[in-house]
Amino acid sequence: MKFFKKLADNSFQSVYDPKEADWLHYQLPDEVVIQELVNEYSLPEDFITSGLDRYEIPRYEVIENKSGHKIHLLLLLTPIRNQTVEVGKEYITEPVSIIIFPDKVLTVSPHTPKLIDDIANNRPHKSDKNLLHGQAKDNHLVLRILWRLMNDYIEKIAEINIQIEQLESNIHDTTKNEMFDQLISIHKSLVYFHTAINKNHDKILQIKSIDLIETETLNKEFLHDIEVVSSQALVLVDESDEMISHLSEVFSNVISNNMNYIMKFLTALTVVLTIPQLIGSIWGMNVGLPLERHPFGFSILIIATVLITILTIKWLKNKDFF
C-alpha cells in the first residue's frame, strides 16, 4: 500500500498516514486490509475485490455512503506484459479499481501498473506534449490516469505493429514453429486489447454525462482529449487486427506453397530414381536380352542409364519440377 498527498504544484508526495493522503493505492490487498477499507470508508466489498478479479470487465457504479456523499467506482482494464511467454511480446489485461470519494481517490489492482507508478512519482510522459493545453498535471487524478492508460494502449499497439512488420519481412526465413508462436501471441494480445479498449471507451463516454469529474473548463477539454485518444486506440487496434489476419493468411499460403513444392520435388525424384531401377529389373530377367553377350554390355547399360536419367532430370527441370 502507498499513500500520496497532492502538493500545491499538483505533484504528489509520498506520506505514511492515510488520513493525510489524497490518493491511496493498494496492490493485491489481503482479506484483513480489504475488511479494514470496507469498514473505514463504508464501501461495498466488491468495489475493492473487483479490482483483483482477473476476469472483471470495465464498469461504472455509484453509491451513497452513510454521510450521504457519493462514492464512485470506475473499473478499467490496463495492459500488462505476459511474463510467461518467452518468444516475442504478449500482452494481457488486468483490472484496476478507481474509487472516487469527495476528498480523495483510492486505487486497487493486482499489480501496480506502470502508469500509476509514473503519476505517483511525478514522471512526465511523452504523450503529455500531445495535450491541446499541456496541462495534464493540473487536472483531476482520474483524468490523468485515463490519459496515461489510453496512451499506454497506443504504445503497446505500436509495439505489436513493429512485431507484425518484422514477421512480414522474415516470413520466408523464420522457422515455422517460431512464426506460429508469435502469431498466436500477437493475436491473443489484440483480442485482449480489443475488448479492453472498447469497454474502457464506453466508460469514458459515460463519465462525460455524469458529475464524476469537476466541471471546470480545463477538465472538460482534457476529457475531450482523452476521448479522442481512446477513439484513436479503437481504430489502431482494428487496423492491427486486420494486419495480423492478413499475415496469418500469407503465412498459411507460404506453408501451402512450400508443401506443394516439396511434394512436386519428391514426385520428380521418384520418377528419376525409377529409371535405373526399371532398367536394372529388365536386364536382370532370366531371358535373352540385347547386349547379353557383349563384352562391354554392362558399361553400355550404365552409360545409357545415366544418359536417360540426365535427360529426364533436364526435362523435369524445364517443367519446373526441380
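Nothing fancy with the numbering, it's 1 onward along the sequence.
A donor-acceptor pair is defined here as one N or O able to donate and one able to accept, closer than 3.5 Å; such a pair exists between the side chain of Asp30 and the backbone of Val33. Here the side chain of Asn122 pairs no donor or acceptor atom with the backbone of Ser11 at under 3.5 angstrom. Thr78 places a side-chain N or O within 3.5 Å of a backbone atom of Glu94 that can act as its donor or acceptor partner. With hydrogens and angles ignored, the 3.5 Å screen pairs a side-chain donor or acceptor of Asp17 with a backbone N or O of Lys19. No side-chain donor-acceptor contact under 3.5 Å links Asp241 to the backbone of Val237.
Taking each heavy atom of Pro18 and Leu24 in turn, the nearest pair found is CB-CD2, 3.6 Å. Closest of all the heavy-atom pairs between Phe47 and His72 is CE2-C, 4.4 Å. Residues His25 and Ser109 come closest through the heavy atom pair CE1-OG, 3.3 Å. The two residues Ile48 and Pro29 have their closest heavy-atom pair at CG2-CG, 4.3 Å. Heavy-atom minimum distance, Pro95 versus Asp53: CG-O, 3.0 Å. Scanning both residues, Pro110 and Gln27, for their nearest heavy atoms gives O-CG, 3.4 Å.
Considering only heavy atoms from C-beta on, Ile145 stays 4.5 Å or farther from Leu74 through its side chain. Side-chain atoms of Ile119 and Trp147, non-hydrogen and from C-beta on, never get closer than 4.5 Å to each other. Inter-residue side-chain proximity for Ile197 and Leu236 is flagged as unmet; no heavy-atom pair is nearer than 4.5 Å. Within the 4.5 Å cutoff, no side-chain heavy atoms of Arg59 are placed close to those of Lys199. For the pair Arg123 and Asp117, the minimum side-chain heavy-atom distance is below 4.5 Å. Side-chain contact between Asp103 and His69 is absent, with no heavy-atom pair separated by less than 4.5 Å. Considering only heavy atoms from C-beta on, Leu146 stays 4.5 Å or farther from Ile98 through its side chain. Contact annotation: the side chain of Asp238 approaches that of His194 to within less than 4.5 Å [non-hydrogen atoms, C-beta and beyond].
Note on Leu76 and Phe222: same hydrophobic cluster, where clusters join Ile, Leu, Val, Met, Phe, Trp and Tyr whose side-chain heavy atoms are under 4.5 Å apart, directly or indirectly. Ile186 and Ile162 sit in two unconnected hydrophobic clusters of ILVMFWY residues. Membership requires side-chain heavy atoms under 4.5 Å apart, directly or through other members. A single hydrophobic cluster is seen to contain both Ile34 and Phe3, as judged by linkage of ILVMFWY side chains at heavy-atom distances under 4.5 Å, directly or through other members. Note on Leu273 and Leu311: separate hydrophobic clusters, where clusters join Ile, Leu, Val, Met, Phe, Trp and Tyr whose side-chain heavy atoms are under 4.5 Å apart, directly or indirectly. Side-chain heavy atoms closer than 4.5 Å link hydrophobic residues (I, L, V, M, F, W, Y) into clusters, and following such links, even through other members, never connects Ile100 to Tyr41.
To the nearest 0.5 Å, atom CG of residue Leu307 and atom OG1 of residue Thr309 are 8.5 Å apart. Between the CG atom of Asn200 and the OG1 atom of Thr93 there is a distance of 8.5 Å, given to the nearest 0.5 Å. Atoms CD1 and CG, on Ile244 and Leu167 in that order, are 6.5 Å from each other to the nearest 0.5 Å. The CG atom of Leu149 lies 9.0 Å from the CD1 atom of Ile116; values are rounded to the nearest 0.5 Å. We find the CG-CD distance between Asn39 and Glu45 to be 9.5 Å, quoted to the nearest 0.5 Å. Distance CD/Gln163 to OG/Ser240: 10.5 Å, rounded to 0.5 Å.
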request  = Decide side-chain contact (heavy atoms from CB on, under 4.5 Å) for Ile80 and Ile92; before the verdict, give the C-alpha distance in whole Å, the side-chain angles of both, and the deciding distance to 0.1 Å.
outcome  = CA-CA 6 Å; Ile80 64 168; Ile92 57 176; 3.6 Å; yes
task = For the pair Ser231 and His201, evaluate side-chain contact (heavy atoms from CB on, under 4.5 Å) and give the outcome as yes or no after the intermediate values.
result = CA-CA 7 Å; Ser231 299; His201 184 73; 3.3 Å; yes
task = Quick one: do Tyr192 and Tyr91 satisfy ring pair (Phe, Tyr, Trp, His ring centres under 6.0 Å)? Show the steps, please.
result = CA-CA 8 Å; Tyr192 282 119; Tyr91 296 100; over 10 Å; no
task = Evaluate the side-chain contact (heavy atoms from CB on, under 4.5 Å) criterion for residues Thr107 and Leu141: first the C-alpha distance (whole Å), next the side-chain angles of each, then the deciding distance (0.1 Å), finally the verdict.
result = CA-CA 11 Å; Thr107 53; Leu141 173 61; 5.7 Å; no
message = Please evaluate residues Asp152 and Lys156 with respect to the criterion salt bridge (charged side-chain N to carboxylate O under 4.0 Å, His left out), reporting the C-alpha separation (whole Å), side-chain torsions for both, the decisive distance (0.1 Å), and the verdict.
response = CA-CA 6 Å; Asp152 199 16; Lys156 298 297 188 298; 2.6 Å; yes
inquiry  = Show, in sequence, the C-alpha distance, side-chain angles and deciding distance for Tyr153 and Leu77, and conclude whether the side-chain contact (heavy atoms from CB on, under 4.5 Å) test is met.
reply    = CA-CA 10 Å; Tyr153 274 110; Leu77 292 176; 3.9 Å; yes
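The aromatic rings of Tyr261 and Phe265 lie parallel to each other, with less than 30° between the two planes, well short of the 60° mark. Using a 30° and 60° split on the angle between ring planes, Phe4 and Phe12 fall in the perpendicular class, above 60°.
Atom NE2 of His187 sits in a sparse spot, with 12 or fewer heavy atoms from other residues, nucleotides or ligands closer than 6.0 Å. Within 6.0 Å of NZ on Lys104 lie more than 12 heavy atoms contributed by other residues, nucleotides or ligands.
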